[in-house]
Structures are given as C-alpha cells and as structure tokens.
Amino acid sequence: GAEPSSGTRLGAYLEACGAIWADASQVHDVVASEDGRRVTWRVDLPPERLATLRPGDPLESPPFEFGGEGTRARLQLFPKGDYGASGEGVCSLWLCTDDRALAPVRLRLGDTERPGGSSDFARLEDVLR
C-alpha cells in the first residue's frame with residue numbers, strides 16, 4: 001500500500017481515523033533580536049485547529065536560551081485560557097525558565113503587553129486581529 005505522509009504506523013492509524021496534518025498549529029522557533037533583549041515566537045493557528053482546543057490545552061515553544069548564563073526557557077500559550085483563567089474568551093501566556101532569580105520580564109501578545117505571564121493575559125479576539 002501507499003506509505004502514509006507521516007511514515008509511521010501511528011501516523012497511518014491517525015490518518016485512517018481522519019487526522020488532517022494541515023489543520024495542526026504550526027509552532028515556529030523562538031528568534032532572538034540582535035541585541036538579545038527580545039525574543040519573538042510566531043504561532044500559526046488555523047481556525048479549524050483553534051476550534052478543537054479546550055481550556056487548558058497549551059501550545060509550547062521549542063526550548064530556547066534566554067537571558068544568558070545558559071538559562072533555558074520556553075513560552076506557553078493557552079489560546080482558550082489555562083485552568084486559572086477567569087472565563088471564556090481569554091488566553092493565557094507564560095514564560096517558563098529554569099532560573100528562579102531571573103529579572104522581571106515583559107511579555108507581549110498582539111497589542112497587549114504585561115509584566116510577566118498571566119492566566120488572563122488578553123482577550124483572544126484582540127490577539128487574533
């Protein structure tokens with residue numbers, strides 16, 4: 001038979017169950033600015049994929065070096081909010097690092113900027129504009 005696009009038995013099973021790989025969100029690498037003071041992470045989230053997400057479902061960035069000194073970090077975006085979110089329509093954003101003494105960090109999602117992460121970071125409709 002024809003080899004499934006994923007090339008694995010699990011992939012063949014998922015395709016047989018109706019999985020469509022193009023509907024998945026595409027998470028890009030985190031890119032640091034030249035001066036190292038900013039990082040950018042882009043997420044492509046098709047409406048079809050967004051509709052399947054539930055509150056508490058995260059999208060995570062690949063790990064990246066942050067703040068020098070070998071500190072590793074990753075970003076977590078919860079498009080439908082994490083379990084601490086106040087209600088529907090808000091998204092959550094967090095920076096997770098292995099350095100507890102990291103200086104305060106400002107995070108921005110769309111036009112919303114906050115000092116650090118938050119369960120109620122922004123209204124999802126504002127971020128998707």
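The basis for the numbers below is simple: all heavy atoms, side chains too, and nothing from hydrogens, waters or symmetry mates.
Closest non-hydrogen pair, Ser119 versus Ser92, comes out as O-OG, 2.6 Å. When all heavy atoms are compared, the tightest approach of Trp41 to Pro62 is NE1-CD, 4.1 Å. Of all heavy-atom pairs spanning Gly116 and Leu107, the tightest one is C-CD1, 3.7 Å. Closest approach of Asp57 and Thr52 over heavy atoms only: OD2-O, 4.4 Å.
Atom-to-atom distance recorded for Asp29:CG and Ser61:OG is 9.0 Å, nearest 0.5 angstrom. Interatomic distance, CG of Leu53 versus SG of Cys91, reported as 12.0 Å (0.5 Å rounding).
The side-chain contact (heavy atoms from CB on, under 4.5 Å) check on Val39 picks up Val30, Ala32, Phe64, Phe66, with sequence neighbours excluded. By the side chain to side chain donor-acceptor pair (under 3.5 Å) test, Arg42 pairs with His28, Asp44, sequence neighbours left out. In this view, Arg72 satisfies the salt bridge (charged side-chain N to carboxylate O under 4.0 Å, His left out) rule with no residue, not counting sequence neighbours. Remark: Thr40 engages no residue in a side-chain contact (heavy atoms from CB on, under 4.5 Å) (not counting sequence neighbours).
Through side-chain heavy atoms spaced under 4.5 Å, either directly or across other Ile, Leu, Val, Met, Phe, Trp or Tyr residues, Phe78 is tied to Trp94.
Pairs passing the salt bridge (charged side-chain N to carboxylate O under 4.0 Å, His left out) check and including a residue from residues 112-126, sequence neighbours excluded, read Arg106-Glu113, Arg123-Glu125, Arg123-Asp126, Asp126-Arg129. Here salt bridge (charged side-chain N to carboxylate O under 4.0 Å, His left out) pairs that include residues 76-89, with residues two or more places apart or in two chains, number zero.
Residues Leu50 and Leu128 meet the side-chain proximity criterion, which asks for heavy atoms closer than 4.5 Å. Side-chain contact between Thr112 and Leu93: absent, with no pair of heavy atoms (C-beta onward) separated by less than 4.5 Å.
One hydrophobic cluster holds both Phe121 and Leu77 under the rule that ILVMFWY side chains link at heavy-atom gaps under 4.5 Å.
Side-chain N or O atoms of Arg49 include none that pairs as donor or acceptor with a backbone N or O of Ala51 at under 3.5 Å.
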Thr97 and Val105: CA distance, side-chain angles, deciding distance, side-chain contact (heavy atoms from CB on, under 4.5 Å) verdict: CA-CA 11 Å; Thr97 74; Val105 174; over 6 Å; no

